[in-house]
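Letters A, B, ... are given to chains in the order of the sequence lines, protein chains preceding strands, and every chain is numbered from 1. All figures in this text were calculated on a predicted structure; none of them were measured in a lab.
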There are 2 protein chains.
Amino acid sequence: MTAKRRARLYEEMSMASRRYLASYVLFNQAIADHLGLHPTDVQFLSLLSAAPAPPTVREVAEMTGLTTGSATRLVDRLERGGYVTRTPDHEDRRRVLVTPVPDRLDRVTAVWDDLGQAWQTLLDEHTDEELEVITRHMNRAHDLSHAQMRRLRSQPKPD
Amino acid sequence: MTAKRRARLYEEMSMASRRYLASYVLFNQAIADHLGLHPTDVQFLSLLSAAPAPPTVREVAEMTGLTTGSATRLVDRLERGGYVTRTPDHEDRRRVLVTPVPDRLDRVTAVWDDLGQAWQTLLDEHTDEELEVITRHMNRAHDLSHAQMRRLRSQPKPD
DNA sequence: GCGACTCGCTGCGTCACGCAACGAACTGGG
DNA sequence: CCCAGTTCGTTGCGTGACGCAGCGAGTCGC
């Protein structure tokens, strides 16, 4: 009986996560439309605002799953829009660091935070322990999906 | 002090969810590459496999955030690939129902489930209560983001 | 100082997408 | 019964994000 309950929990969670992830994709698109950007751009800006240091163009490519060529184009768009600037790396003059422009970036996170305020009330409903549970789960899922991606890439394609 | 701890939990969760969502986007791309499909296609197939009934083309558009024109093209691709079939709706002969092809769809969910096995071990580490907490959070976040999207669309663009 | 490598950039072709207009099918009022 | 008005999915068209391959510039090792 407890196994049956367990199975139901798995099923519910599977459905919940699909809807959750789908709503994120749609939400990301909505923000992009709102700011006149592309979903990829918003996705990257979200990551950039959380990055510990300005990434190189190559790292931008890895973060977004694009090729370096497309990453160059991505940075072109964002630079033209004033969201980032290109800074030469003095350590290695081949490299170009992508530096966020705080003012401009705030306009993006403002949309995020406008939602964030409603988010806050959602988070307030959780206890500390619950937050830790959710955070831990997301971190593990993140690690796992990276491991799986490496596996997937090393496998032959079914076509 | 407890407020400080609370703030740290928020911050950690914010970071975790960004990474989590980013890894989902990358993972979705990896699956798409692996199957020779597009991220949008995989995204939609995931939703289709969880849908209670075959959606119309219009509903496909709403699920994915595309226009009806692009949804037609999406269905074209998937039909050509043998993932879905078009079924006329006898209630309203203008409508076209998009019906999944179970065999073909299994090949997609197989990749999901191959990951799912590793996922299973991740889920096994959680207690029933923890699973409920996570599921509830995802459901609320889903509802919230839909509400926010409606608000965002009704707002004027900052340009 | 010379080859091998890595960095980011750039033509080029492909194709997903939004837009707008279209025919077909449904709906309602006269 | 019929004739606007609406809604359905489809389709031509233009735009632009993307992958690919090749490039000069900079770095590293023998």
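Of all nucleotides listed (D:dG9, D:dC18, D:dG19), D:dC18 comes nearest to the side chain of A:Arg77. Among C:dT6, D:dT6, C:dC9, the nucleotide with an atom closest to any side-chain atom of B:Arg94 is D:dT6. For A:Thr40, the side-chain atoms get nearest to D:dC18 when compared with the rest of D:dG26, D:dC18, C:dC7. Relative to the side chain of B:Thr56, the nucleotides D:dC20, D:dA17, D:dG9 differ in distance, and D:dG9 lies closest.
At a threshold of 4.0 Å, the pair B:Glu132-A:Arg5 counts as salt-bridged, since one of the basic side-chain nitrogens sits closer than that to a carboxylate oxygen. The pair B:Arg8-B:Glu12 meets the salt-bridge criterion, with a side-chain N (NZ, NE, NH1 or NH2) lying under 4.0 Å from an Asp/Glu carboxylate O. With salt bridges taken as basic N to acidic carboxylate O contacts below 4.0 Å, none links A:Asp143 and B:Arg19.
Between A:Thr99 and A:Thr87, the side chains place a donor N or O and an acceptor N or O closer than 3.5 Å (distance only, hydrogens not considered).
When the side-chain nitrogen and oxygen atoms of B:Arg95 are compared with OP1 and OP2 of C:dC26, none of them lie within a distance under 4.0 Å. Within the structure, a side-chain polar atom (N or O) of B:Ser70 is placed less than 4.0 Å from OP1 or OP2 of C:dG18. A close approach under 4.0 Å does not occur between any side-chain nitrogen or oxygen of A:Thr72 and OP1 or OP2 of C:dT10. For B:Arg93 and C:dA24, the shortest distance from a side-chain N or O to OP1 or OP2 is not below 4.0 Å.
Nucleic acid contact class of A:Arg73 (heavy atoms, under 4.0 Å, all strands): base. The residue B:Leu74 sits apart from the nucleic acid: no heavy atom pair falls under 4.0 Å.
Atom-to-atom, NE2 of A:His90 to P of D:dA25 comes out at 20 Å; the value is rounded to the nearest Å. Distance B:Glu59 CD to D:dT7 P: 16 Å, rounded to the nearest Å. Rounded to a whole Å, the CZ atom of B:Arg58 is 14 Å from the P atom of D:dT6. Rounded to whole Å, atom C1' of C:dC17 lies 17 Å from atom CZ of B:Phe44. Taking atom CG of B:Leu37 as the reference point, atom P of C:dC15 lies 14 Å away to the nearest angstrom. Remark: P of C:dC7 and CG of A:Asp89 are 12 Å apart, rounded to the nearest angstrom. Computed from coordinates, the B:Leu66 CG to C:dC19 P distance equals 11 Å when rounded to whole Å. For A:Asp76 and D:dG16, the CG to C1' distance is 13 Å, given to the nearest whole Å.
Nearer the 5' end of DNA chain D, as judged by each residue's closest nucleotide, is the contact made by B:Leu97, out of B:Leu97 and B:Gln29. In this structure, B:Val75 and A:Asp92 both approach DNA chain D, and ranking their closest nucleotides by distance from the 5' end singles out B:Val75.
When every heavy atom of B:Gln29 is checked against every heavy atom of B:Pro39, the shortest pair comes out as CG-CG, 3.8 Å.
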